[in-house]
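Below: one structure, written as structure tokens.
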2 protein chains.
Amino acid sequence: MTKAKKEIRVRVWVDLDGERFFGPGRAELLQLIQDTGSISKAAKSMGMSYKKAWAMVDEMNEKAKKPYVIAQKGGQKGGGTEVTEAGKKMVDAYTRMMGRIQAIVEKDKSLLDYI
Amino acid sequence: MTKAKKEIRVRVWVDLDGERFFGPGRAELLQLIQDTGSISKAAKSMGMSYKKAWAMVDEMNEKAKKPYVIAQKGGQKGGGTEVTEAGKKMVDAYTRMMGRIQAIVEKDKSLLDYI
DNA sequence: TAGCGATATGTTCATCTGTACATATCGATT
DNA sequence: AATCGATATGTACAGATGAACATATCGCTA
């Protein structure tokens with residue numbers, strides 16, 4: 001038998017009213033939208049279907065106090081998507097929080113002894 | 001329109017080799033097994049089917065270095081389940097980690113501003 | 001006004017998940 | 001040996017999820 005590689009990765013989800021609202025996938029998606037200016041490019045870059053990415057964006061825009069992205073249809077380039085200040089700040093806040101949490105996890109690896 | 005209640009709950013999952021291995025549900029399940037001495041009672045207490053609870057226990061036992069629970073069949077009481085030292089320590093380590101993470105989340109609520 | 005490219009949305013199908021139900025198994029006690 | 005209660009496991013079905021595919025829509029540009 002081969003030796004099992006035991007990597008530990010901690011994933012943090014923020015629930016809203018009992019439902020998952022924000023997590024690593026959405027943070028990455030928003031970051032990629034910000035980088036590419038396009039939902040479809042971001043989705044392709046993550047290996048995710050455009051429809052799913054769009055649904056995520058739509059849900060976030062619906063549930064958040066202020067929309068995270070603003071999409072434009074038509075035009076020379078066919079359209080495009082911009083991440084709003086609220087979206088950027090959400091990603092930043094989540095990323096910072098993840099960083100602090102990762103630091104804690106790194107510091108206390110006692111979990112590893114029992115996995 | 002009614003004012004939406006915006007509660008934030010952070011859920012932490014520990015992935016193992018890319019798959020979810022341990023999270024809040026399993027921590028609660030193990031704790032309840034420890035309290036009740038029975039998988040079925042713990043499952044019922046969580047509103048979870050026995051089969052699913054058993055499958056979780058089985059998977060954890062399979063993947064962890066040492067089993068988290070040891071089950072006994074038969075006997076006067078029909079059987080029972082004991083949480084091992086490794087299992088207790090895993091729950092403790094996870095719970096402690098969650099506590100520290102919660103403390104961080106409490107301290108930095110900047111996320112709330114964008115939800 | 002025709003073309004382009006991205007947004008927006010619907011439909012279908014396979015897959016995964018969990019529930020519900022059924023059954024078998026075990027071992028101390030009676 | 002019959003009973004009991006919990007473990008152990010199989011099967012069938014419903015709901016959720018995601019992938020794949022197909023369209024429709026929009027607005028600038030040429």
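Chain A is the first sequence line, chain B the second, and so forth, proteins listed ahead of strands; every chain is numbered from 1.
- Of the two residues near DNA chain C, B/Lys77 and A/Thr81, the one whose nearest nucleotide lies more 5' is A/Thr81.
- By the 4.5 Å heavy-atom criterion applied to side chains, A/Leu30 and A/Arg26 are not counted as neighbours.
- Here D/dG5 presents its C1' atom at 13 Å from CD1 of B/Ile39, a figure rounded to the nearest Å.
- Using a 4.0 Å cutoff on non-hydrogen atoms, the parts of residues 68-76 of chain B near DNA chain D are B/Ala71, B/Gln72, B/Lys73, B/Gly74, ordered by number.
- Here the side chains of A/Ile104 and A/Arg100 are not in contact, with every heavy-atom distance at 4.5 Å or above.
- Shortest non-hydrogen contact noted between A/Met46 and A/Glu28 is CE-OE1, 3.5 Å.
- Computed from coordinates, the A/Tyr50 OH to D/dA22 C1' distance equals 15 Å when rounded to whole Å.
- Using a cut-off of 4.0 Å between Lys/Arg side-chain N and Asp/Glu carboxylate O, B/Asp113 and A/Lys89 are scored as not salt-bridged.
- Distance CG (A/Asn61) to P (C/dT9): 12 Å, rounded to an integer number of Å.
- To the nearest angstrom, C1' of D/dG10 lies 14 Å from CG of B/Asp58.
- For C/dT7, the OP1/OP2 oxygens have a side-chain nitrogen or oxygen of A/Ser40 closer than 4.0 Å.
- The side-chain heavy atoms of A/Val14 and B/Ile115, taken from C-beta on, include a pair separated by under 4.5 Å.
- Dashed line: the shortest gap from a side-chain N or O of B/Ser38 to OP1 or OP2 of D/dG5 is not under 4.0 Å.
- In the hydrophobic clustering of this structure, A/Ile8 groups with B/Phe22; members are Ile, Leu, Val, Met, Phe, Trp, Tyr whose side-chain heavy atoms approach within less than 4.5 Å, directly or through other members.
- Spacing between atom CD of B/Glu82 and atom P of D/dT7 amounts to 13 Å, rounded to whole angstrom units.
- Here CG of A/Asn61 is found 8.0 Å from CD1 of A/Ile70. Values are rounded to the nearest 0.5 Å.
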Identify each atom pair where a protein N or O and an N or O of nucleotides 12-22 of chain C are less than 3.5 Å apart, giving names and distance.
| residue | atom | partner | partner atom | Å |
| --- | --- | --- | --- | --- |
| C/dG18 | OP1 | B/Lys52 | NZ | 3.4 |

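- The interatomic distance linking A/Trp54 (CH2) with D/dC26 (P) rounds to 15 Å, in whole Å.
- Listed for the A/Ser110 side chain is no donor-acceptor partner under 3.5 Å among the backbone atoms of B/Ala93.
- For the residue pair B/Ser38/B/Ser40, the side-chain donor-acceptor check at 3.5 Å is satisfied.
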